[in-house]
Number of protein chains: 2
Amino acid sequence: MLHDPAQLDLMFQALADPARRQMVDRLSRGPASVSQLAEPLAMSLSAVVQHLNVLEASGLVRSEKLGRVRTCQIEPKALRAAEHWINERRLSWERRLDRLGDFLAQTDDEN
Amino acid sequence: MLHDPAQLDLMFQALADPARRQMVDRLSRGPASVSQLAEPLAMSLSAVVQHLNVLEASGLVRSEKLGRVRTCQIEPKALRAAEHWINERRLSWERRLDRLGDFLAQTDDEN
DNA sequence: GCAATAGTTAAGTGAATGCTTCAGTGTTGA
DNA sequence: TCAACACTGAAGCATTCACTTAACTATTGC
């Protein structure tokens with residue numbers, strides 16, 4: 001379900017916004033409340049909540065409300081899925097280059 | 001320059017679109033012309049060219065025109081930069097969890 | 001030369017995005 | 001009990017996005 005293209009879509013879309021990446025960055029250093037996430041950002045709390053909803057819908061962030069404060073944390077499995085997608089494509093390309101290099105070296109030898 | 005936040009922004013934004021990810025996927029299996037990239041996509045050539053421009057602006061793809069055909073290929077360095085950003089955050093979070101685990105194990109021992 | 005090929009560019013359109021403000025709701029501390 | 005706090009939700013608005021069509025340019029093969 002993590003490799004389902006729709007989920008991948010939501011994840012990359014979530015990471016596309018600088019404010020949301022800043023929120024993920026903050027959360028990578030430990031859990032935070034909505035207000036704490038909002039603090040460094042030059043926008044209304046309401047806007048931050050909307051970004052948070054995008055992050056949660058993408059699966060990148062999970063949150064829980066205790067009393068009046070919602071505490072957010074990163075979902076590393078989702079991050080790993082995005083990472084994995086990129087890594088597979090990059091490796092595929094690099095392996096191709098290697099094979100090409102081998103081939104060229106071989107045909108050089110033959111001359 | 002690859003870790004410059006503006007460039008990172010362009011890269012994640014480029015990867016956010018499923019058509020563009022499909023193009024990257026295709027290119028990970030080897031170079032392709034614009035028409036070849038367009039072939040599996042249910043949209044006009046013009047739309048594909050626009051997506052390609054986004055990919056090139058982000059640094060993820062490089063292309064060169066010979067005669068009337070433009071050949072595109074992946075720029076693995078850029079992919080690596082995006083991968084790296086995610087990886088750093090995920091590791092930061094996971095290290096935090098490990099330290100927390102150690103701490104809890106230690107305080108358990110003390111009881 | 002001329003038609004087919006491969007791509008490019010510009011203009012327009014409708015939907016999605018990233019905000020804002022404002023008016024709530026539930027929680028907590030004094 | 002009541003004011004401050006920490007969100008939450010809806011409505012509105014400007015901008016950006018992902019397309020489309022249509023007109024165009026530059027190659028290539030016959």
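In what follows, every heavy atom counts, from backbone to side chain, and hydrogens, waters and symmetry copies are set aside. Reminder, nothing fancy here: chain letters follow the sequence lines and each chain counts from 1. Predicted, not measured: the structure shown is a model, and the values here were computed from it.
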Whole-Å distance separating the NZ atom of Lys65(A) from the C1' atom of dC5(D):
11 Å
Connected via hydrophobic side-chain network under 4.5 Å: Leu8(B) and Met11(A):
yes
Counting only non-hydrogen atoms, which of residues 43-64 of chain B are less than 4.0 Å from DNA chain D?
Met43(B), Ser44(B), Ser46(B), Ala47(B), Gln50(B), His51(B)
Distance test, side-chain N/O of Arg68(B) to OP1/OP2 of dT8(C), below 4.0 Å
no
Cluster link Leu52(B) to Phe12(B), ILVMFWY, side chain under 4.5 Å
yes
Residues Ser63(B), Glu56(B); criterion side-chain hydrogen bond (donor to acceptor under 3.5 Å, both in side chains); working and verdict
CA-CA 8 Å; Ser63(B) 78; Glu56(B) 291 211 53; 2.7 Å; yes
Same cluster or not: Met43(A) versus Val54(A), using hydrophobic residues (I, L, V, M, F, W, Y) connected whenever any side-chain heavy atoms lie under 4.5 Å apart?
no
Whole angstroms only, please: what is the CZ-C1' distance between Arg70(A) and dT27(C)?
14 Å
Grab the CG-P distance between Asp17(A) and dG18(C) for me, whole Å please.
5 Å
Assuming nearest nucleotide by heavy-atom distance, tell me which of Gln13(A) and Gly67(A) is located more 5' along DNA chain C.
Gln13(A)
Would you kindly give the CG-to-P distance between Asp9(B) and dG18(C), to the nearest whole Å?
11 Å
same_hphob_cluster(Val49(A), Val69(A)) at 4.5 Å side-chain heavy-atom cutoff
no
Are OP1 or OP2 of dC7(D) and a side-chain N or O of Ser33(A) less than 4.0 angstrom apart?
yes
Cation-pi between Arg96(A) and Trp93(A): NZ/CZ under 6.0 Å from ring centre and within 45° of the ring axis?
yes
From CG of Leu66(A) across to P of dT27(C) the rounded distance in Å is 11 Å
